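Predicted, not measured: the structure shown is a model, and the values here were computed from it. One-based numbering along the sequence shown.
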Amino acid sequence: MTLSRREFLDFLKATCAVAALPNAFVCSVSAQQAPLAAVPLTANNSEPLVNDIHSQLNATRVNRIIKPRSSNDLRATLLTAKSEGKAISIAAGRHAMGAQQFGAGTILVDMTGMNRVLNLDSEKGIVEVEAGTEWPELIDYLIKAQSGQDQQWGIVQKQTGADRLSIGGALASNVHGRGLKLKPIIDQVESFTLMDHAGALVRCSRDEHSELFRLVIGGYGLFGIVTSVRLRLWKRKKVQRIVEIRDSKDIVASFDERIANGYLYGDFQIATDSSRESFLRRGVFSCYRQVDPATPLTEKPTRFHPEDWARLTYYSHKYKRRAFEVYTRRYLATSGQVYWADSQLSGAYVDNYHEDLDRRLGAKVKATEMITEIYVPRSSLVNFLEDARVELRKLDANMIYGTIRLIEKDEESFLRWARESFACVIFNLHVTHDTAGLENAARAFRSLIDLGIRYAGSYYLTYHRYATKQQVEACYPQFREFLEMKLKHDPNEMFQSDWYRHYKKMFGIDRVE
């Protein structure tokens, strides 16, 4: 049976509706290219089609979607999967782009139904939440639960750029934010509870089941299902944003100066117009310094609202010079504003924004953005950026957004990416969903990884699977052992994803020797 494009899209929407996916989710695939890691579509295929929200390049047919609301529900799902001989994949916010949360033919566990705050220890500053809790839910709870108290607690860090991301997902990829002296989030995790392949609940901390503690944080959901997390907070702080225009050649010294002056957060958002001299050489330097708790908050602060974000995104695709000018002018206008530190960690994000953008741009091929994050020693940052300028121009890569942050060394997680105190460079590239577009993206990201390796750096595994085996081994020499440890703790491979299957095949892992 042959479907027209209109019938094809109507069928996908109907499939998503049957799967009872969250309202924010919209199925979208290109008519020019079969989606990556997807089970071939047939007219009578009623299995749910899922995808990641940002790149939308991981369309995957799963067996069904289960949304548990308790550990008992999870255990029942696990037993059902065992009886049917099926594997389980785990998802929540669905922003990860490497297919860590999806596996073709798996029973997909949607953790967003497990979103309760279980306990707040106001003496120690530790909150326990279910793993499906999203950051806005936790922040709102803390504000309301502590209203009127002299001493309040707040979160230390979260991913930036989007808010509807889960705490369990943050652990799975060992995330970071824009902290100037912070390690990845493992540093704020007191403990967590894991449901293993046998359905047992295991408390993991630095003292209990410490091997699993190190493997699960940054382990991409392969060792079990995190049911709850005990997260360390810090005393809620007020910060003042200071914004300046700086040059990349001076940015490491600028960061050092901000840190010496007591700033807590900051980043450097670099110019992306490759036709101009300022490309990767100039940017908006925004940092946040702690101020006295008695300092009044800014009334009616200037903020980026979703409509502003949409307009700026359009400019960044169509008029890059104007985008930088608008962004610079708007951010400079915010300099001096005072916020609660946890509120400034939030960022506007419009789900499926690229659908409207494609229409406005008159795109003939569906497109989205895709991210890679490269880590280099801070002393090598300027040289790395100069080489990246040359490489991205040579490849004619369309860079939409880029930012530089800092990360402190992580000495705890097994599959650690912050193996040194690095500078983090985030590249967000425009990718068309056709054969040429995907090949160009792979080529650009591999080239950037090679540059990072040249400077004794690394890259983030979360965003894509384009790295070669040689690149993976150079940046993660413990990767093979990581896969073997997965089989040690999950010998029947109950927890799978297309991300896992990709690397298992790459490394030829069948069983533990």
Side-chain angles (χ1 to χ4, degrees), residues 160-161 177-178 180 240-261 263 265-289 302 304 308-309 311-337 344 347 369 371-407 422-430 444 447-448 451-452 455 457:
T160 58
R178 60 165 73 100
L180 294 176
Q240 182 181 41
R241 176 152 61 191
I242 303 298
V243 184
E244 296 177 346
I245 308 302
R246 293 283 180 99
D247 292 327
S248 300
K249 64 182 178 62
D250 303 317
I251 204 59
V252 173
S254 297
F255 274 128
D256 289 342
E257 177 187 11
R258 290 290 191 246
I259 292 170
N261 289 326
Y263 285 68
Y265 303 98
D267 56 24
F268 181 63
Q269 301 190 37
I270 41 183
T272 60
D273 186 347
S274 61
S275 68
R276 299 180 59 80
E277 183 65 22
S278 60
F279 179 51
L280 302 191
R281 287 180 172 172
R282 198 157 176 78
V284 181
F285 187 46
S286 306
C287 291
Y288 301 78
R289 64 183 175 198
T302 300
F304 271 92
D308 301 316
W309 191 88
R311 185 181 307 110
L312 185 63
T313 302
Y314 174 71
Y315 289 161
S316 67
H317 286 76
K318 184 72 172 178
Y319 309 109
K320 290 182 182 290
R321 180 176 181 180
R322 185 186 300 177
F324 187 71
E325 291 171 349
V326 169
Y327 184 83
T328 299
R329 184 167 59 250
R330 189 64 176 267
Y331 249 64
L332 286 172
T334 69
S335 190
Q337 293 184 165
Q344 67 83 22
E369 270 69 71
I371 300 174
T372 202
E373 186 166 332
I374 308 296
Y375 310 112
V376 294
R378 297 171 191 180
S379 60
S380 302
L381 176 62
V382 175
N383 289 336
F384 169 79
L385 291 174
E386 286 299 302
D387 287 347
R389 288 177 92 242
V390 174
E391 198 67 20
L392 291 172
R393 282 173 164 170
K394 181 175 72 176
L395 295 172
D396 197 26
N398 186 359
M399 185 172 172
I400 300 301
Y401 171 86
T403 189
I404 297 171
R405 297 173 184 155
L406 301 183
I407 192 69
F422 282 137
C424 314
V425 188
I426 299 165
F427 299 88
N428 205 359
L429 303 186
H430 182 78
S447 295
L448 290 170
L451 287 181
Y455 288 102

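Under the 6.0 Å cut-off for aromatic ring centres, Tyr263 and Phe255 do not qualify, their centroids lying 6.0 Å or more apart.
At least one donor-acceptor pair closer than 3.5 Å links the side chain of Thr403 to the backbone N or O of Phe268. Listed for the Ser316 side chain is no donor-acceptor partner under 3.5 Å among the backbone atoms of Ala323. In terms of modelled atom types and a separation under 3.5 Å, the side chain of Ser335 and the main chain of Leu332 share no donor-acceptor contact. Judged by distance alone, with hydrogens and angles left aside, the side-chain atoms of Arg178 form no donor-acceptor pair with the main-chain N or O of Gly266 at under 3.5 Å. Although no hydrogens or angles enter the test, the distance criterion places a donor-acceptor pair under 3.5 Å between the side chain of Gln337 and the main chain of Thr302. Formation of a donor-acceptor pair under 3.5 Å by the Glu373 side chain with backbone atoms of Ile426 is not found in this model. In terms of modelled atom types and a separation under 3.5 Å, the side chain of Lys320 and the main chain of Met399 share a donor-acceptor contact. A donor-acceptor pair under 3.5 Å links the side-chain atoms of Arg389 to the main chain of Glu277, judged by distance alone.
Considering Leu381, Asp267, Val376, Val252 as possible partners of Ile404, the one that fulfils the side chain to side chain contact (heavy atoms under 4.5 Å, CB included) test is Leu381.
In this structure, Arg241 is positioned above the aromatic face of Tyr331, its NZ or CZ under 6.0 Å from the six-membered ring centre and within 45° of the axis. Within the cation-pi definition used here (under 6.0 Å to the ring centroid, within 45° of the axis), Arg322 qualifies as a partner of Tyr315.
Between Leu448 and Leu392 there is a side-chain heavy-atom pair separated by less than 4.5 Å.
Residues passing the side chain to side chain donor-acceptor pair (under 3.5 Å) test with Tyr265, sequence neighbours excluded: none. The side chain to side chain donor-acceptor pair (under 3.5 Å) check on Tyr314 picks up nothing, with sequence neighbours excluded. Residues meeting the side chain to side chain donor-acceptor pair (under 3.5 Å) test with Thr160, sequence neighbours left out: Arg405. Listed by chain and residue number, His54, Glu369, Ile371, Tyr401 satisfy the side chain to side chain contact (heavy atoms under 4.5 Å, CB included) test with Asn428 (two or more places apart in sequence, or in another chain). Asp308 pairs by the salt bridge (charged side-chain N to carboxylate O under 4.0 Å, His left out) definition with Arg311, Arg330, not counting sequence neighbours. Applying the side chain to side chain contact (heavy atoms under 4.5 Å, CB included) test to Arg321 and every residue at least two apart in sequence or in another chain returns Asp273, Arg276, Glu325.
Between the CG atom of Asn398 and the OG atom of Ser274 there is a distance of 7.5 Å, given to the nearest 0.5 Å.
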